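Take a look at the structure below.
Please read these numbers as outputs of a predicted model, since none were measured by experiment.
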Amino acid sequence: MRSGKRIPVRGVFVTGTDTGVGKTWIGAAVIRKLIARGVRVVPRKPAESGCETQDGALFPADAAVLHAAAEQPGRLLDVCPYRFRHALSPARAARLEKAEHLTLAGLEQACVKGVSDDSFVWVEGAGGFYSPLAADGLNADLAAWLSLPVLLVAADRLGCINHVLLSQQAIQARGLSLVAVVLNQVSVLQPTPGMGNAVMDNLEDLRQWTDAPLIRIAYGEQPAASAQIARLAELLMPAA
């Protein structure tokens, strides 16, 4: 059972249709745009697995990217207090590493700690919306506890329409708003069967099935990608 009163925050919860779809790269790019527009962004990736040892401690590489993009407000420990060595779901990694303290309540507190009323909290989950995040819940549960709108990132490849629509249904079933769907062309670095098919157009096909804003971004810093990142930042800009 959840205890205590919810601390209201404004921001976004970032999830993926799967792991390795580019949530962190998208997040860092959008955070930089928001910072440039005067938004005080506080990044949070409360649990990260697959961490390597650096200077005798586990180093959360994804959290560090978000921290740097936000111009390092606070400590990296505040961005990511729960770190695990095994490259598995945080829930599974925590069990393997005897970290019995990983709970939804602890993750929620990690997300809101140090977040002022004028801050925009950027919370990145681990894996997909229904991926196990803690001993007592999924990414979906943390997003619902925080009551944040959701940004969904999908790899723009064969099969993503099904993944996006299933994730959309799950997000809406939790009473959360889907602020946008990003189709990330991660195949630039990770070639995927089907991405070379010139007739495939997931964005065009998804328009029939969702009212959420759809944004396709090519991995990299090309002008077209920068323009789409700016569009996404505009969608996420907090009300004055």
- One should read off an interatomic distance between R40 CZ and D118 CG, to the nearest 0.5 angstrom, of 6.0 Å

- Could you state whether F120 and V65 fall into the same hydrophobic cluster, counting links through intermediate Ile, Leu, Val, Met, Phe, Trp or Tyr residues with side-chain heavy atoms under 4.5 angstrom apart? no

- Message: Please check: side-chain N/O of E48 versus main-chain N/O of A63, any donor-acceptor pairing under 3.5 Å?
- Response: yes

- Say whether, by atom type as modelled, one donor and one acceptor occur between the side chain of N139 and the main chain of G128 under 3.5 angstrom. yes

- Just wondering, are more than 12 heavy atoms of other shown residues or ligands nearer than 6.0 Å to CZ in R207? yes

- Query: Does any N or O in the side chain of K45 come within less than 3.5 Å of the main-chain N or O of G125, such that one atom is a donor and the other an acceptor?
  - Reply: yes

- Task: Flag the pair D156 / N184 as yes when at least one side-chain heavy-atom distance between them is below 4.5 Å, and no otherwise.
- Result: no

- Task: Specify the closest pair of heavy atoms between R85 and E97, including all atoms of both residues, with the distance to one decimal.
- Result: N-OE2, 2.9 Å

- Query: Do L176 and F129 have side chains that get closer than 4.5 Å, going by heavy atoms?
  - Reply: yes

- Message: Hydrophobic clustering (ILVMFWY, side-chain heavy atoms < 4.5 Å, transitive) - are V79 and L146 grouped together?
- Response: no

- Query: Is the closest side-chain heavy-atom distance between L138 and S131 below 4.5 Å?
  - Reply: no

- Message: Please give me the minimum heavy-atom distance between Q185 and A218, naming the atom from each residue.
- Response: OE1-CB, 3.4 Å

- Message: Contact between L151 and F13 at the side-chain level, heavy atoms closer than 4.5 Å - yes or no?
- Response: no

- Message: Does D211, at its CG atom, have more than 12 non-hydrogen atoms belonging to other residues, nucleotides or ligands within less than 6.0 Å?
- Response: no

- Under 4.5 Å between any side-chain heavy atoms of R37 and E234, yes or no? yes

- Evaluate side-chain contact (heavy atoms from CB on, under 4.5 Å) for V39 paired with W122, printing each intermediate quantity in order. CA-CA 11 Å; V39 179; W122 187 281; over 6 Å; no

- L107 versus A134, closest heavy-atom pair with distance: CD1-CB, 3.8 Å

- Query: For the residue pair P213 and L235, what are the closest heavy atoms and their distance?
  - Reply: CB-CD1, 3.8 Å

- Message: If hydrophobic clusters are built from ILVMFWY residues whose side chains come within less than 4.5 Å, do F84 and L88 share one?
- Response: no

- Message: Donor-acceptor pair, distance only, cut-off 3.5 Å: does the side chain of S119 make one with the backbone of V121?
- Response: no

- What are the two closest non-hydrogen atoms of C111 and V123, and how far apart are they? SG-CG1, 3.8 Å

- Message: If you count heavy atoms of other groups shown closer than 6.0 angstrom to CD of Q72, is the number above 12?
- Response: yes

- Message: Quick one, I217 with I229, criterion side-chain contact (heavy atoms from CB on, under 4.5 Å). Give me CA distance, side-chain angles, the key distance, then yes/no.
- Response: CA-CA 7 Å; I217 296 175; I229 290 291; 3.5 Å; yes

- Atom of A155, atom of C160 and distance for their closest heavy-atom approach: O-CB, 3.2 Å

- With distance as the sole test, does N202 use its side chain to make a donor-acceptor pair with the main-chain N or O of R157 at under 3.5 Å? yes

- Run the numbers on V21 and K23 for side-chain contact (heavy atoms from CB on, under 4.5 Å), then give the verdict. CA-CA 6 Å; V21 296; K23 295 189 302 294; 4.1 Å; yes

- By side chain to side chain contact (heavy atoms under 4.5 Å, CB included), which residues pair with L77, not counting sequence neighbours? R75, R83

- After noting the C-alpha distance and the side-chain angles of V14 and V153, does the key distance pass the side-chain contact (heavy atoms from CB on, under 4.5 Å) rule? CA-CA 7 Å; V14 185; V153 180; 4.2 Å; yes

- Could you state the interatomic distance from CG (D117) to CZ (R10), rounded to the nearest 0.5 Å? 8.5 Å

- Query: Backbone N or O of G56 within a donor-acceptor pair of the T53 side chain at under 3.5 Å?
  - Reply: no

- Message: Is the shortest side-chain heavy-atom distance between V150 and T15 below 4.5 Å?
- Response: yes

- Query: Are any side-chain N or O atoms of D136 and backbone N or O atoms of L104, one a donor and one an acceptor, separated by less than 3.5 Å?
  - Reply: yes

- Check: I215 and L183 side chains under 4.5 Å, non-hydrogen atoms: no

- Donor-acceptor under 3.5 Å (H67 side chain, G74 main chain): yes

- Query: Are the charged groups of R174 and D141 less than 4.0 angstrom apart, N to O?
  - Reply: yes

- Message: To the nearest 0.5 Å, what is the distance between CG on L166 and OG1 on T17?
- Response: 10.0 Å

- Indicate, with yes or no, if V181 and I161 share a hydrophobic cluster defined by side-chain heavy-atom contacts under 4.5 Å among Ile, Leu, Val, Met, Phe, Trp and Tyr. yes

- CG (L102) and CZ (R92) are apart, to the nearest 0.5 Å, by 14.0 Å

- Transitive ILVMFWY side-chain link I35 to L236, under 4.5 Å: yes

- Query: Could you give the distance from CG (L142) to CZ (R44), rounded to the nearest 0.5 Å?
  - Reply: 12.5 Å

- Message: Please determine whether a side-chain nitrogen of the Lys or Arg among D201 and R216 lies less than 4.0 Å from a carboxylate oxygen of the Asp or Glu.
- Response: yes

- Item | Interatomic spacing from CG in L165 to CH2 in W209 - rounded to 0.5 Å | 8.0 Å

- Task: May I ask you to test the D18-H163 pair for a side-chain heavy-atom distance under 4.5 Å?
- Result: no

